[in-house]
Amino acid sequence: GGAAEGGGARCHSRAPARAGRHPRPPAESAAGALRFSSKGARQAFLAALDERQLPLEGEEFSKAEYQMFLEGYRDGDPGAFEELCPAPRFVASTPGTGFPVSNRHAQANDALRVLLQKN
């Protein structure tokens, strides 16, 4: 039995130690397929996924385990993800009394929300 080939001096494979825990690459690739509502939501998802330590199948998470985790996470924090199919917005007026016009501030906020969500 021979020693490993190659120069020992060139073989510096030890990664520098980093402070804190960092998500594994499978977590990054799993999160890459999702659309988060913010960077903070993405970081929280990655931290939760890293804590869970799902079993791997090759380089990726077990599909069944990951699907169960994702469904549970969506139920626990539905605001973390952007909607892929937003609810339809009705723009035609309908007969009826409608909104009371007593609170102009709330109406202005609602109008701004509608405008900002169209992006």
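Excluded from the calculations below are hydrogen atoms, water molecules and symmetry mates; all remaining heavy atoms, backbone and side chain alike, are included. All values derive from a computational prediction rather than experimental measurement.
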Original post:
So, Phe69 versus Phe45, ring centres under 6.0 angstrom or not?
Top reply: yes
Original post:
What are the two closest heavy atoms between Leu46 and Ala27, and how far apart are they?
Top reply: CD2-O, 3.4 Å
Original post:
Going from OG on Ser37 to CZ on Arg42, what distance comes out if it is rounded to the nearest 0.5 angstrom?
Top reply: 12.5 Å
**OP:** Measure the CZ-CG distance between Phe61 and Leu70 for me, rounded to the nearest 0.5 Å.
**Re:** 11.5 Å
Original post:
Would Arg113 and Asn109 count as a side-chain contact (heavy atoms from CB on, under 4.5 Å) if you check the C-alpha gap in whole Å, the side-chain angles of each, and the deciding distance to 0.1 Å?
Top reply: CA-CA 6 Å; Arg113 269 190 218 101; Asn109 282 340; 4.1 Å; yes
Original post:
Under a 4.5 Å side-chain heavy-atom rule over Ile, Leu, Val, Met, Phe, Trp and Tyr, are Tyr73 and Met68 clustered together?
Top reply: no
Original post:
Once you round to the nearest 0.5 Å, how far does NZ of Lys63 lie from CD of Glu65?
Top reply: 13.0 Å
Original post:
Looking at side-chain heavy atoms only, is the closest gap between Ser29 and Glu60 below 4.5 Å?
Top reply: yes
Original post:
Side chains of Ser62 and Leu56: does their closest heavy-atom pair fall under 4.5 Å?
Top reply: no
Subject >> Glu51 CD to Leu54 CG distance, which is reported to the nearest 0.5 Å >> reply: 11.5 Å
Original post:
Think Arg35 forms a cation-pi with Phe81, using NZ or CZ under 6.0 Å from the six-ring centre and within 45 degrees of its axis?
Top reply: no
